[in-house]
Structures are given as C-alpha cells and as structure tokens.
Peer 1: 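Shown below is the structure under consideration.
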2 protein chains.
Amino acid sequence: MFRSHTCGELRNSHINKKVTLSGWVQKTRDKGFMIWVDLRDRYGITQLIFDEERSSKALMEQAKTLGREFVVQITGTVIERTSKNPNLPTGDIEILVSELIVLNKALTPPFTIEDDTDGGEELRMKYRYLDIRRNPVKNNLIFRHKVTQLVRNYLSSEGFIEVETPYLIKSTPEGARDFVVPSRMNEGQFYALPQSPQTFKQLLMIAGLDKYFQIVKCFRDEDLRADRQPEFTQIDCEMAFVEQEDILNAFEGLTRHLLKEVKSVEVDEFPRMTFDEAMQRYGNDKPDIRFGMEFGELNEVAQHKEFNVFNKAELVVGIAVPEGNSYSRKDIDKLTDWVKRPQVGALGMVYVRCNEDGTYKSSVDKFYDQNDLAKWAEATNAKVGDLICVLSGETNKVRTQLSALRMELANRLGLRNPNEFAPLWIVDFPLLEWDEETERYHAMHHPFTSPKPGQLELLKTNPEDVKANAYDLVLNGNEIGGGSIRIHDKKTQALMFDYLGFTPEEAKAQFGFLMNAFEYGAPPHGGLAFGLDRLVAILGGQETIRDFIAFPKNNSGRDVMIDAPSPIDDAQLEELGLKLNLKS
Amino acid sequence: MFRSHTCGELRNSHINKKVTLSGWVQKTRDKGFMIWVDLRDRYGITQLIFDEERSSKALMEQAKTLGREFVVQITGTVIERTSKNPNLPTGDIEILVSELIVLNKALTPPFTIEDDTDGGEELRMKYRYLDIRRNPVKNNLIFRHKVTQLVRNYLSSEGFIEVETPYLIKSTPEGARDFVVPSRMNEGQFYALPQSPQTFKQLLMIAGLDKYFQIVKCFRDEDLRADRQPEFTQIDCEMAFVEQEDILNAFEGLTRHLLKEVKSVEVDEFPRMTFDEAMQRYGNDKPDIRFGMEFGELNEVAQHKEFNVFNKAELVVGIAVPEGNSYSRKDIDKLTDWVKRPQVGALGMVYVRCNEDGTYKSSVDKFYDQNDLAKWAEATNAKVGDLICVLSGETNKVRTQLSALRMELANRLGLRNPNEFAPLWIVDFPLLEWDEETERYHAMHHPFTSPKPGQLELLKTNPEDVKANAYDLVLNGNEIGGGSIRIHDKKTQALMFDYLGFTPEEAKAQFGFLMNAFEYGAPPHGGLAFGLDRLVAILGGQETIRDFIAFPKNNSGRDVMIDAPSPIDDAQLEELGLKLNLKS
C-alpha cells in the first residue's frame, strides 16, 4: 500500500494519527536543524517536517538529498503546525516523518511546476506531462471531465442514446480535406477519418433510434489557423420527428443545465436573432451580446453631402465607443492604423467626438454639420463623451471590419467579462455561400441541410436568398454549436447535390448509401453539434482550446512531445501498396 | 410538433385523449370495412384503427395506401380496445385516427423488420439502418449505452478522470500492425492510429492525474479472424501509487457494480488463479469456471505400461464428461474426429466408459486394467456414468486441444448458462512468450509490463520462467480485461527493450519520449483495459461482438453499407506525396 491518505485530505481531526503519503516533492526548505518538504499529489499539498531533535540522523541525511519532483513515500505522524497556513486546506497540520522511501528520482524539470511557470509554450508542449502537473492545466482537464459527465448524464436522462459510429469510413471531397487511411487488406483503397459522424447519425435516425448523441473525435486536414486542431471533439446530437423549435428547446436545456451546474448561472430563455439581423446589428454571425456598441447604419444620414468616400460606398456604418472622447488624437490615429492593418483591411476610419457640451467634432467636419453628426449619434446610440467610429465600403467587408474593431475595443475596454454568460441563437442562415476560390456556391452548413419550406424554388433564380433550417448557438461571441433540420427525401437531396455541382454519378458514389436509405422510410430529423473543446474553454472562462486538451498538436499539426507524424519504413509502405512521391 | 406521445406510452388512463403519434407502419390488416395499423417507434407499438362507420371515406382510402415501413403522423382519439393484447404494454388501447399524414413513403424492405427476420447476415449489414429497427439490434445498442453510462458514472464517483488522448499518434512496429495516416502538412510522414492509449495513459500518471480512464476507440490492422474488428472500443484505465492488489480491487468493484446493475447478480469476492494453475486445471488462460470438467493429469497413472503413445508424451491428460457413458460408439468416434480436425489438431483420443456397475471399459483395455482406469477416474473426478476423454502429447499443445474439447462439450451439454456469471482473475502471467514465426521472445502483455520483483535477473538465464505483474479478468470463459503494473524507471525499461530485441536507437526513436518522462519523477503505476464490445456482449448474454456494434465491419475490414474503404482520386494522393505501388 503506497498511501493511507492523499496529500489533500489531512486536517486537525487527524492529529496524532500515523499516516502514509506518496507524492512529488514540490519544494524543500532546509534550515540545517530542520527541513520542511511540501509533498504534492493531484489532491493537494501536505507539509512534511524533519527535525534534528525528533528525527534520526540517517533520516535527516536522507531528507537532505531530496530534489524537486522526486517521487517519495513517507510514513509519519500528523501533528499541529506551529505556524498555520490559512491558504492551504491542509495548512493546520504537518507530518513528522518517521520513514522516507524515494520511489523515483527526478532530473531538474526544464521549467518550474508552479501555477505561474517560467516555461514557454514550446517547452511546455514538449514536456506536456510536466505541464499537466501544474494546477491550471490539471484543473482544466478535470473541468473538462466534469463538463462531459454533465453532458452525458443530462442527455441520457432526456432519453438520448450514445452510439459509437465508425472512425474508418469513406472519403468524400465535400467540405474540408479528409485524413485518409490506406487499407492493407484492400490494396489501393483508403478509409477516411470522419470530419463528423453526420451521415451515420442521419442513418441512426432512419434506423429509428429517435434520439442520438455521441461525444466523439472528428478530424479535418486543414491548414491550421491559430487555435485549430486537426483532431477535435464534438458533442454530436440528432433527433427524429422534430422541427427546429424542438431542437432549439432540447439543447437550450442542455446549455442552461451546464451553465447552472458549472457556473451557477441561471439563464432564462435564450434570445434568438436571425442571421440577417446579426449581420446588420453586429456585422457578425456570432455576436457577443454582453455589451452594446451595436452598429448604426448611416447611409441615409451620410450620403447626402459631397463626401465621395461615403457616397460611393455600399454601406456606411458606425459604432459608439463608450467614453471614447477621452482618446487623444494619437490614440485615434493608432485605432485607424489598427483597422487599416491587412488582417482587418479597412481603407480608413472616420470618427466623431461627442463632446461634453453636446457638440460634435469629427474628422469630416468639412462635409458634415452638427445637425448631420447629431443624426449619426442618434443612429449609433452615442452618448455625450463617446467616440463614434465610422467605416464604409462593400457591405459584407465593412461589416466584418467594423465587427473586428468592435471586438477589439470591447477587449481593450474590459467589456467581455468571462464570468458573464450570454447565450444566443442565430437562426435562418443562408443555405448557400459563394466561394470566391472555386467560383461556385457551397452549402453554408453542409449539403444535408434542408432549405426553409417553400424556398426550394428560389434555388434556381436567387440561390443567395434561400434560407436554411439552420441555426447556431453562440456564447459570448463564440459559436459553440450549430446544426440544421436535414433533408429526408431522396428527391430533394438529389436536387441539392445537383445545385452544389455534383454529377448524379458523383452523388451516387459518395452518398448513394444515404440516398438509398431515404427510400426506406426516413423520418423528418435534425440535430446539432457542439464543439466540446471550445465549449469547455468558454465555460472555463478562457478562449484558448489548447489549454483544455491533454495532448494538443501545434500549428503544423505536430505532436512535439512524441514527435509525430514521423517517417515509416519502406516495408510498411510496400505492404500498403504505396510509395512516396515527394514534391520536394 | 410531430407527436404528443410516443408509440410506447399510451395506457387506459389516456382513453378519450386526443393524441398525435409519429412512427413507422409495422403492419396493416385490412378487412375492407376496418383497417388496423401497428405504428412503431423506438419506444413501442400502438395500434391504430380506421373504420367505415367512424372514419371518412377519404381517410379509409388513404389508410389503404399505407405500406410496410411508411413513415406517418396521425392524430386521433385514444379508445379502449375490444380485444386487448396483454403482450403489448399499449395493448389495452388503440387510436381511432382522425388525421393521417404520410411523412415519407418506403420501398418494401429487403428483409422483414421483425425480431426473427428472414434477412441473411450480408443483407442485414448492407441495410444496417433497417436491421437496427429490429428490437434485438436496437436493444443491444441501448444496452451498450446503459453499460457505458454505468461505467463512466461508477469510475467518476471513484475519482477517475476521463481524459481524451490523441488519435493521431506515432507508428511503432511492436505488437500488431498500425493503421497509418499520411500527413499532408508534413510530407512523407505518417501518423498512426492508436492500438491503445498505453503510452499516453502512462504519461498521464507521470503527469500526476492519479486515476485516469477513457472509453476509447482503438485500431489494429490485423488479418481479421471471426468476430474481430479493425476498430474496437476499450475501457482504458490507469492508476498511480498502486500495487496489483489495489488495481484488482478497483476493477473488481466496477465489474461487481455492472453485474448488479445490469444483471441483478451479486458476486462476492472474485476467485483468483495463477496462469500456471489455469493452464494446468483448464488448459486455458481464460477458463469458464461455471462448470467442472477440470483436467486430470495422468502421467503418473498412465505411463507405466506398454502403451507407447502415452509413454512418449510429455503430458497425458483427461476430462470426465458428465453422463458421457450414454454416448454410442458412433458418438465417440465423431468426437474423436472432432478433436482430430486441423482446427484442433489432436492425433487421437483415448476414452474410458464409467459403467453403471462400477467397472470401466476403455479404448486401451489392451494396456490398462480396471485398477489403472480407476486411478484415471479418480484423477479426472469421473463419476459412474461419465465418459473420460484422454489426450496426450506436447504439454502446451495437448492442453489447448483438451480445452477446446472441454468447451465444445460444455456448449453441447448446455453447461454454459448465459444468465450465470462467473468472474475470475488470472494472475502471474509469464512476462514473455516465444514467437515461433520470428523465433524470439515477445512481451506477452506489452513491453511496459513490469516483471515480478526480484525476477529481472532471470531474464538472462531462464526468460520463459519470468513472471509478470500482469493479470486478466475473465468472465464466463472470455477475457474481458487485462492489465499490468508498469515499469516506471528508465533503466528497467531500457533493459526490457534490450531483451525484446530493440537496439538502443530503435528504443529511443520509438519510445524515447516515455523513457525521458521516466526521468522526471515517474510514480509507480499500473492499469487495466476492458474490451467494451465483448464485455457488453457477454453481459447481454451473447458472445458475438458484432451484434453490439452499430456499424460493424465484415471479415475483410469492409463496411458494406457505405462501401469503404474505396479508391481516392489521384489529386488527393499527389497532395499527400504518395503514389500507388500495387503488388497485383
């Protein structure tokens, strides 16, 4: 037996008990005649004491050899501390050690195992097993476990069945790139790793399982942007015999349950907003509604003068920055530079100061009078002391730019309180979106999403106007989930594939099994998937998903700890019927 | 809203209520003036009624068009049935339909959607979404969900943390073949899919997580034997600061909990048996102990006469078949043929009839007298009326052969009661096993398993005698779990790799990250993994794991429903830096 108690549980009530503990040496203080050791395990820290008067000489000598992160087992007696530590749950007691066994030595760790470590990102990833010993990382993983348990128990209690769908499936060129897996037993053929269990969950609905969920790894071979992972985890859900309303209610229930259980936050009914409204009011389909700075469209009150920049713009739109009039001219110049960075891409920024005396001072006073500017202030809901920032240009672009500015300012102004939770449904997404690169329409959600009733006809004439039965759940400016009501008949699905540029042969080769299944009694169905990594990060009050993944990959898709991916030997390649064909 | 109730919930108390149901047409009975429809969903079956007197003509006409597996929505009034069906929970009532909407038509299914279907295995796999509509398959999946929920909640309540380990890891040649995944972003390099999260769970112990579990998919690219799957699910567990005893107790607790919750079976302490004893008593390291027929070794009482077959055998061993004396000569000849089949491989079989009058009649009466045979009966624990079957030859082979015979006879005699549960720990496994093909020792469990204390020295001189801190959990003749105490210091691990034929360079390239981690304070640790698919099947009273997997693959590793694996296009291959190099 390695321990009678953990390092987190001993209290006053244990005084005089003989106990055995095991753990890591967090730190030692050696006063010569007295040595204290902080012993750490998952559950906490307990102070050990060795002293000349009460400990044998051999034991003192042994204690002096202990280094940081040594793994030791001790036996001793719980005694009251002379100087208590109120910051430590075990701070009332210490252990007078009578026996010490070094279970394993340790090299000096490459960074300190403290809440605030001196280790850089790269080093901490390489020694992730040491990084996880640190409380912040360890607690994130425990938090993740807690959230997933809550999700599973909630959904189970609501009658959902968790079904494991296969990981070795079929490659489909739609959407992101698949990771593929060569099959040795079927030479020249490949499995693909699922980007999501989409088709399988639909088949489970056709199979009559009625309510399905799965917490499942998904894979996308994308060029990694910051904080994207090639493998990520979804809470994947599907329901049969449902309309959009049923799904929104079901998963609003789950989200409300999570907020209550892990954050003690009670949220009433979640607000809903159409995609169009979100774009108009926030320039963003995942708006953070914890703060204002809503968009004020200014075309009507800004395109009647000689200012050509505005006159030729498709959209002139502004936001009021609370108390922004305190910004110096230099501050505002910097803000202008910020929106002109290539990452944002605005051509310039017009501003209006809302002075304390009720007058306005703008960067376009040459063109607009106080009356004009008062109207701008009204449209942007600007108060005395605010600063109005105005951008103009092509509607979609300018909205994205102003949304970026709004979020940046909110961060700077501390308006994004991580302990406040503002969920929001975005509904009525467009069915299709134009892809600049391939110059054709893509399914905005995925090709199985059903158009709004009666809008199928529009596909031919005004494809961009067709709305879908698709919805996203947004929390604090992050999309945490999204889904749709699916197409459940073969004819509509074939039509969709056609519009998306699949030949009938391609559609059949890739999704024939699903379209066949539609012919054998497919019920109306729909679902939703949460991104677990992000959900957990946001509930944890953070936004970096990597901090909530035990062994994440870096931005090149590498695991720097195990050094993967790596070359495989020629025999293995040959067995798979492959050879390398390197471009460089 | 598609339904007010499910098809499984309406009772007498609902009579006169107006309800809306949705589901599949299980069957229709059309008497002309009256039509009954059984409407089915996941939750049950409800009878619908249409009749000339109470239903409109249009509705009658519409009801007549319904075919099997049509998806319909109905509204109607709950009424009392004139002829009740006590076999159906909803059998007291039926619905007098007032409105019928066909939500989707269905082609005639290729096999009947009944508990006993007329569909063959292949057809049912191709249309798995229809197969799952059948109660036996559907209930298996729901049962699996229930078991996994119980496992997760039990382990969580015991302080285990579920941690997701990566799926895209590093290929290692040890053990079975890896499935590999070419990396597009790291050309010429490959990830591997995990055969188990073994090294990651050890790293989590080094990381201080103390108690880990994960229900996780694992992958092995093996030539598939019957009822093996290339992807399978493990309940993977690991604990730090434990000895073998702690682990056996922890997972005995889990197994006892499952048996109680899902089978209402209370089992006291699980018996334990060493590997050597299991081999001697049952010829098998996963013995079914629900019945007797234990091995009786006969060398001492059978090698003293002129019967050379026995005299030159390393082992002479027999079992007593209960009431086997009732077998005719022809039956026994057939049994002899059975053990001589190449799948079993015995050269012959000696038998002894235990007559009612206390005498013996054997196939070797030429060599042995009544006194000899009485000793055989004693050794095999044979009773009057039994038949003793005796095999001889090389110890390991003959044990395997007699074990096969024992299991076959038990199946024939109905001794393997699926509602009886007999768990058993097998402990003290050998560390190594000889591999005939490669002519070297392999790790029997895996190369991270620690030898018994003090036995490391034996590795050089008597490697086959070294026992490991390794254990299996056996249930009803099936291995449902297995694990070991791990090596936790770099020196021992390096030594093990050396004995297993790794060069230091190979060991470093493949497992360097783990051996490095051992140097930074690795605690003693060990664990266990359950095969979830098999565990669920056995708890469900069956032995075919495929019946408990939603979308299994066939024996060629193919998913015949989605037709995977399949070729991918040249552009995709080129992007991965690969080209085909087919052998045929």
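Convention: sequence-line order gives letters A, B, ...; per-chain numbering from 1. Note that the structure is predicted; figures quoted are calculated from it, not measured.
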Peer 1: Between B:Gly557, B:Pro109, B:Pro565, B:Ala106, who has the most heavy-atom pairs with chain A when the cutoff is under 4.5 Å?
Peer 2: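 Of B:Gly557, B:Pro109, B:Pro565, B:Ala106, B:Pro565 has the most heavy-atom pairs under 4.5 Å with chain A.
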
Peer 1: After noting the C-alpha distance and the side-chain angles of A:Phe518 and B:Asn104, does the key distance pass the side-chain contact (heavy atoms from CB on, under 4.5 Å) rule?
Peer 2: CA-CA 9 Å; A:Phe518 283 160; B:Asn104 219 340; 5.6 Å; no

Peer 1: Might you point out which heavy atoms bring B:Leu203 and A:Met561 nearest each other, and give the distance in Å?
Peer 2: CD1-CE, 3.5 Å

Peer 1: Need one label for A:Arg152: side chain, backbone, both or neither, based on atoms under 4.5 Å from any heavy atom in chain B.
Peer 2: both

Peer 1: By a 4.5 Å heavy-atom criterion (distance strictly below it), what part of B:Pro524 contacts chain A: side chain, backbone, both, or neither?
Peer 2: side chain

Peer 1: With a 4.5 angstrom heavy-atom cut-off, is it the side chain or the backbone of B:Tyr191 that approaches chain A, or both, or neither?
Peer 2: both

Peer 1: Evaluate the criterion side-chain contact (heavy atoms from CB on, under 4.5 Å) for residue pair B:Asn516 and A:Tyr127; output intermediate values, then yes/no.
Peer 2: CA-CA 9 Å; B:Asn516 276 346; A:Tyr127 296 91; 5.7 Å; no

Peer 1: Return the minimal non-hydrogen interatomic distance between B:Gln572 and A:Ser171, and the atom names on each side.
Peer 2: NE2-OG, 3.3 Å

Peer 1: Mind listing the closest non-hydrogen atom pair of B:Leu578 and A:Leu578 along with its distance?
Peer 2: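 The pair with the smallest heavy-atom distance is CD1-CD1, 4.0 Å.
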
Peer 1: Just so I understand: if I count every heavy-atom pair under 4.5 Å between each of A:Gly521, A:Pro552, A:Ala564 and chain B, which residue has the most?
Peer 2: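 Between A:Gly521, A:Pro552, A:Ala564, the count favours A:Gly521.
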
Peer 1: Could you look at B:Gln202 and say if it's the side chain, the backbone, both or neither that has a heavy atom under 4.5 Å from chain A?
Peer 2: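 For B:Gln202, neither part sits under 4.5 Å from chain A.
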
Peer 1: Just give me the residue among A:Asp41, A:Val72, A:Leu514, A:Asp223 that pairs up with chain B most often, heavy atom to heavy atom, under 4.5 Å.
Peer 2: A:Asp223

Peer 1: Please look at B:Ala192 and chain A and tell me whether the side chain, the backbone, both or neither of the residue comes under 4.5 angstrom of a heavy atom of that chain.
Peer 2: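 The answer is neither part of B:Ala192.
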
Peer 1: Answer yes or no: is there a donor N or O on one side and an acceptor on the other, between the side chain of A:Arg42 and the main chain of B:Leu209, under 3.5 Å?
Peer 2: yes

Peer 1: Is it the backbone or the side chain of B:Ile113 that comes under 4.5 Å from a heavy atom of chain A, or both, or neither?
Peer 2: neither

Peer 1: Which residue out of A:Asn153, A:Asp246, A:Leu204 racks up the most heavy-atom pairs below 4.5 Å with chain B?
Peer 2: A:Asn153

Peer 1: Using atom types as modelled and distance alone, determine if a side-chain donor or acceptor of B:Lys553 lies under 3.5 Å from a backbone N or O of A:Leu168.
Peer 2: yes

Peer 1: Pick from B:Ser566, B:Pro567, B:Gly208: which one has the most heavy-atom pairs with chain A under 4.5 Å?
Peer 2: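 It is B:Ser566.
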
Peer 1: Are the side chain of A:Lys138 and the backbone of B:Ala207 linked by a donor-acceptor contact shorter than 3.5 Å?
Peer 2: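 Side chain of A:Lys138 to backbone of B:Ala207, a donor-acceptor pair under 3.5 Å: no, none is there.
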
Peer 1: For each of A:Asp210, A:Val137, A:Val242, A:Leu130, tally heavy-atom pairs with chain B at distances under 4.5 Å, and name the one with the top tally.
Peer 2: A:Asp210

Peer 1: Donor-acceptor pair, A:Lys170 side chain versus B:Ile562 backbone, under 3.5 Å?
Peer 2: yes

Peer 1: Using the rule given for side-chain contact (heavy atoms from CB on, under 4.5 Å), can you reason through B:His145 versus A:Val163, listing the C-alpha separation, both sets of side-chain angles and the distance that settles it, and then say yes or no?
Peer 2: CA-CA 7 Å; B:His145 167 68; A:Val163 179; over 6 Å; no

Peer 1: Under a 4.5 Å cutoff for heavy-atom pairs, which residue among B:Gly188, B:Ala240, B:Gly67 has the most contacts with chain A?
Peer 2: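 Sorted descending by pairs with chain A, the first entry is B:Gly188.
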
Peer 1: Output all residues satisfying ring pair (Phe, Tyr, Trp, His ring centres under 6.0 Å) with B:Phe551, sequence neighbours left out; order by chain, then residue number.
Peer 2: A:Phe200

Peer 1: Once you measure the plane-to-plane angle for B:Tyr520 and A:Tyr129, does it fall in the parallel (<30°), tilted (30-60°) or perpendicular (>60°) bin?
Peer 2: tilted

Peer 1: Please determine, among B:Leu141, B:Leu103, B:Thr108, B:Ile568, the option with the most heavy-atom pairs under 4.5 Å with chain A.
Peer 2: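 Among B:Leu141, B:Leu103, B:Thr108, B:Ile568, the one with the most close pairs to chain A is B:Ile568.
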
Peer 1: Let me know if B:Thr199 has heavy atoms under 4.5 Å from chain A in its side chain, its backbone, both or neither.
Peer 2: neither

Peer 1: If you count heavy-atom pairs within less than 4.5 Å of chain B, which of A:Ala550, A:Ser183, A:Pro523 leads?
Peer 2: A:Pro523

Peer 1: Would you give the length of the straight line joining atom CD1 of B:Ile206 to atom CZ of A:Arg133, rounded to the nearest 0.5 angstrom?
Peer 2: 7.5 Å

Peer 1: B:Arg3 versus chain A, heavy atoms under 4.5 Å apart: side chain, backbone, both or neither?
Peer 2: side chain

Peer 1: Would you find more than 12 non-hydrogen atoms of other residues, nucleotides or ligands less than 6.0 Å from A:Glu519 atom CD?
Peer 2: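 It does: A:Glu519 CD has more than 12 such atoms within range.
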
Peer 1: Quick one: does B:Asn186's side chain have a donor or acceptor within less than 3.5 Å of a partner on A:Arg558's backbone?
Peer 2: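 Not confirmed, B:Asn186 side chain does not pair with A:Arg558 backbone.
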
Peer 1: Heavy-atom distance under 4.5 Å to chain A: side chain of B:Leu532, backbone, both or neither?
Peer 2: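 Contact with chain A: side chain only.
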
Peer 1: Identify which part of B:Leu193 has an atom lying under 4.5 Å from any heavy atom of chain A, answering side chain, backbone, both or neither.
Peer 2: side chain

Peer 1: So which part of A:Asp563 gets closer than 4.5 Å to some heavy atom of chain B, the side chain, the backbone, both or neither?
Peer 2: both

Peer 1: Under a 4.5 Å heavy-atom cutoff, which of B:Met185, B:Arg68, B:Met205 has the most pairs with chain A?
Peer 2: B:Met185

Peer 1: Is a donor on one side and an acceptor on the other found under 3.5 Å between the side chain of A:Asp559 and the backbone of B:Ile169?
Peer 2: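 Pair absent, no side-chain N/O of A:Asp559 close to backbone of B:Ile169.
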
Peer 1: Between atom CZ of B:Phe219 and atom OH of A:Tyr167, what is the distance when rounded to the nearest 0.5 Å?
Peer 2: 6.5 Å

Peer 1: Pairing donors with acceptors under 3.5 angstrom, does anything connect the side chains of B:Thr148 and A:Glu162?
Peer 2: no

Peer 1: Restricting to side-chain hydrogen bond (donor to acceptor under 3.5 Å, both in side chains), what partner residues turn up for B:Asp221, sequence neighbours left out?
Peer 2: A:Arg184

Peer 1: What option among A:Arg40, A:Glu69, A:Glu243 has the most heavy-atom pairs under 4.5 Å with chain B?
Peer 2: A:Glu243

Peer 1: For A:Lys217, I'd like to know if atom NZ has over 12 heavy atoms of other residues, nucleotides or ligands within 6.0 Å.
Peer 2: yes

Peer 1: Which atoms of B:Glu245 are under 4.5 Å from chain A, going by heavy atoms: the side chain, the backbone, both sets, or neither?
Peer 2: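 The answer is neither part of B:Glu245.
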
Peer 1: Kindly check if the number of other-residue, nucleotide or ligand heavy atoms within 6.0 Å of NZ (A:Lys211) is above 12?
Peer 2: yes

Peer 1: For B:Phe213, which atoms come within 4.5 Å of any heavy atom of chain A: side chain, backbone, both, or neither?
Peer 2: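 For B:Phe213, the contact with chain A is made by the side chain alone.
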
Peer 1: What do you reckon, is CD of B:Glu574 surrounded by more than 12 foreign heavy atoms closer than 6.0 Å?
Peer 2: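 No, not enclosed.
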
Peer 1: Are the side chain of B:Glu164 and the backbone of A:Thr233 linked by a donor-acceptor contact shorter than 3.5 Å?
Peer 2: no

Peer 1: When you measure from the side chain of B:Gln149 to the backbone of A:Ser156, do you find a donor-acceptor pair of N or O atoms at a distance under 3.5 Å?
Peer 2: no

Peer 1: Provide the closest heavy-atom pair for A:Ser22 versus B:Phe241 in the form atom of the first, atom of the second, distance.
Peer 2: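 That would be CB-CD2, 3.4 Å.
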
